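For reference, the structure discussed in these notes is given below.
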Amino acid sequence: MTRTQTFIDPDRLREDLEGSPPDSRDFQRIAQRIRELKGLPLQDVKTLLRVVDPLQRAQILELAGWVKDQIYGKRMVLFAPLYLGNICSNNCLYCGFRKDNISLVRRQLDQQEIARETLHLIQDGHKRLMVLNGESEDIPLDYILESLKTIYAQRLGQNRIRRINLEIAPLDVSGFKLLATAHIGTYVCFQETYDPKIYARVHPSGPKSDYEWRLYAMDRAMEGGLEDVGIGALFGLGDWRFEVLAMFEHAHHLEEKFGCGPHTVSVPRLEPADGAELSRNVPHPVSDEDFKYLVALLRVSLPYAGIILSTREKPELRRELFHYGVSQISAGSRTNPGAYTGSCEATPQFSLGDHRSLAEVVQDLVENGFVPSFCTGCYRRGRVGADFMDLAKPGLIQHYCLPNGLLSFQEYLEDFAPPHLKAKGERLIAELTDSLAKSRLRDRTVRGLQKVREGQRDVYY
Ligand code: SAM
Ligand code: SF4
């Protein structure tokens, strides 16, 4: 079968990965370019993918931490996943929700159950959710739209969910147009693997078996009016270097066509899932060392994109990756519908590496000098899509990220933190506020923090 040409040319990508590692002059030239914070051209990404020298790799890890600090400051955005259901017409060989897994108890939450799950997450202190679902023709888009309204409508005192990112199967342009009216933040969809041959093998049936339909999902989303999109690959299915290069090509394609690259890049690694044999025999396992390097490489090559790390990874590795460029993490996660309120007998979509509660993850971040951020300021002030990129690229976004992150964290401390965490958090807020240069920005942050302490909520710039 001849394949239509897409922006991914697998043979060329594979050729690009061959060749010798950079000599030290070439490497230092790229390192210098990274310090300019403008990202890297394709040629340099290919070169860095050939690096094997541990010292050069260590330098990229360090640079990634520096880049993240320059652009976003010390803030780490937190969110929780909320699964609406596990009914699916696809047969992704790695996923516990796949259609042929007949031992899985199937559930699709009704609106009351969704409301209860949401309230549980609000009670924990969450403000941002990633809403997920299986893919089934029996579940209409109207159900998703109604669920989004239900989630946004839940209140616990002054607390509510302020941003929903959505990870559902790709739609056509008219479907995305409807989503664009539903106030979602980022639309997320992982290509899983950019290698068409592996893609065909691991997606044997169902609508998801169409590689190109998925590959152009973000084009349709942007044509439909969604401004923030999130891409990703499921690491373990194919060669990680191929997937990183292809993700970079994907970002480049969106930037060329729409003037704006992906808002986020996700780096899920394949985890064991019940009823999914392939997940226990990972075809191309990615070692922790390679995983750290690939995260760092994405940070230095796409400095303006948020990098999302989930609770698939263990706490120790997550902690390390905070220093190499990750900017958003999930916390206190469950990957089965109804799990937060305990109303689900179904097994999870896959097993997790980090089982800590949100409060425990917050404490860990604080002890490592990071501000847990629940901020939704940019999205609600319309700093999205190309406007966000215009601020992120010259490094101006940190003027919003750190102050807004501090304000949202102060809220968390007032409303949800146990006393010992509150004391530690207050100390960190004081330190970081002091570190802001004397300016209108610092005055504004101090005033904002005072307002939050006095009971005002949802203070942001
Ligand atoms: N069902 C939709 C889809 O596939 O696009 C929505 C997203 S699905 C609920 C969430 C993601 O979980 C998938 O895109 C896949 O990358 C990931 N996933 C599935 N099985 C996994 C496993 N065993 N380990 C880690 N991630 C997995
Ligand atoms: Fe269904 Fe998504 Fe799982 Fe595939 S990854 S079986 S589409 S829920």
Side-chain angles (χ1 to χ4, degrees), residues 79 81-102 104 106-109 129-139 141 144 147 165-171 175 179 184 186-194 198-199 201-211 213-215 217-218 220-221 229-238 243 247 264-286 291 308-314 330 333-337 339 346-354:
F79 70 94
L82 172 52
Y83 280 70
L84 301 179
N86 59 11
I87 300 172
C88 197
S89 324
N90 292 314
N91 232 331
C92 313
L93 295 186
Y94 45 81
C95 178
F97 292 175
R98 69 198 193 89
K99 188 180 175 197
D100 285 357
N101 182 12
I102 46 167
L104 181 72
R106 301 285 167 175
R107 281 289 302 277
Q108 194 68 45
L109 302 184
L129 299 185
M130 179 74 77
V131 168
L132 303 99
N133 202 24
E135 175 171 15
S136 160
E137 49 269 30
D138 298 335
I139 300 157
L141 183 57
I144 302 284
S147 306
N165 297 328
L166 188 64
E167 190 174 337
I168 57 166
L171 304 170
L179 267 193
I184 64 159
T186 309
Y187 169 69
V188 175
C189 180
F190 306 153
Q191 184 60 26
E192 319 296 10
T193 171
Y194 286 87
I198 301 178
Y199 190 94
R201 219 176 303 136
V202 299
H203 301 110
S205 62
K208 192 164 165 181
S209 53
D210 186 339
Y211 171 88
W213 179 252
R214 198 158 176 102
L215 190 63
M218 297 316 179
R220 295 193 300 280
V229 297
I231 62 172
L234 182 55
F235 285 97
L237 294 178
E243 305 296 358
M247 274 207 275
T264 57
V265 173
S266 294
V267 289
R269 257 200 307 188
L270 201 47
E271 295 297 330
D274 283 352
E277 219 11 64
L278 185 105
S279 70
R280 297 184 187 275
N281 297 294
V282 179
H284 290 265
V286 183
F291 190 59
I308 301 183
L309 184 72
S310 76
T311 50
R312 289 173 180 85
E313 302 301 335
K314 295 196 169 57
S330 49
S333 307
R334 300 280 177 277
T335 64
N336 34 347
T347 46
Q349 190 193 12
F350 47 80
S351 59
L352 299 177
D354 186 347

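Remember, it's 1-based here, ligands and their atoms both numbered in the order they're listed. Being a predicted model, the structure only gives us computed values, none of them experimental. We number each residue from 1, following the sequence as shown.
- Scanning all protein heavy atoms for the shortest distance to atom 21 (C) of ligand 1 gives Phe350 CD2, 3.5 Å.
- Close approach to Lys208 involves these atoms of ligand 1, each under 4.0 Å from a residue heavy atom: 3 (C), 4 (O).
- Using a distance-only test at 3.5 Å, with no hydrogens or angles considered, a donor-acceptor pair links the side chain of Ser310 to the main chain of Arg312.
- Taking a 4.0 Å cut-off on heavy atoms, His203 fails to register as neighbouring ligand 2.
- With respect to atom 8 (S) of ligand 1, the closest heavy atom belonging to the protein is Gln349 NE2, 3.4 Å.
- Scanning the protein for heavy atoms near atom 20 (N) of ligand 1, the closest one is Tyr94 CD1, 3.4 Å.
- At a 4.0 Å heavy-atom cut-off, ligand 1 touches Cys95 through backbone and side chain alike.
- Interatomic distance, Asn133 CG to Leu166 CG, rounded to the nearest 0.5 Å: 8.5 Å.
- Atom 5 (O) of ligand 1 has Arg214 NH2, 2.7 Å as its closest protein atom, hydrogens excluded (heavy atom only).
- Remark: minimum distance from atom 4 (Fe) of ligand 2 to any protein heavy atom is reached at Cys92 SG, 2.2 Å.
- Looking only at protein heavy atoms, the nearest one to atom 5 (S) of ligand 2 is Lys208 NZ, 3.4 Å.
- Metal site remark for atom 4 (Fe) of ligand 2: Cys95 contributes no N, O or S atom at a distance under 2.8 Å.
- With values rounded to the nearest 0.5 angstrom, Ser147 atom OG is found 5.0 Å from Leu84 atom CG.
- Ligand-side atoms of ligand 2 in range of Cys88: 1 (Fe), 6 (S), 7 (S), 8 (S), range being under 4.0 angstrom from any heavy atom.
- Asn86 contributes atom CG, which lies 7.5 Å from atom CD of Gln108 (distance to the nearest 0.5 angstrom).
- Panel note: side chain Ser333, backbone Thr311; no donor-acceptor pair is recorded below 3.5 Å.
- Below 3.5 Å of separation, one finds no N or O of Ser279 facing any N or O of ligand 1.
- Distances from atom 6 (C) of ligand 1 to the heavy atoms of Leu270, Asn133, Leu132, Asn90 put Asn133 nearest.
- Checking side-chain atoms of Tyr211 against main-chain N and O of Tyr194 turns up a donor-acceptor pair under 3.5 Å.
- His284 NE2 to Thr193 OG1: the interatomic distance, rounded to the nearest 0.5 Å, is 8.5 Å.
- Ligand 1 has no N or O atom lying under 3.5 Å from any N or O atom of Tyr83, backbone or side chain.
- In this structure, Arg269 contributes its side chain and Pro285 its backbone to no donor-acceptor pair below 3.5 Å.
- Residue Gln191 is tested with Leu237, Leu234, Ile231, Leu215 for a side chain to side chain contact (heavy atoms under 4.5 Å, CB included); the sole match is Leu215.
- Considering only non-hydrogen protein atoms, atom 17 (C) of ligand 1 sits nearest to Arg312 NH2, 3.5 Å.
- Among all non-hydrogen protein atoms, the one lying nearest atom 7 (S) of ligand 2 is Asn90 ND2, 3.3 Å.
- The backbone N or O of Phe190 lies less than 3.5 Å from a partner atom in the side chain of Arg214, making a donor-acceptor pair.
- Among Glu167, Glu192, Glu271, the residue whose heavy atom lies closest to atom 24 (N) of ligand 1 is Glu271.
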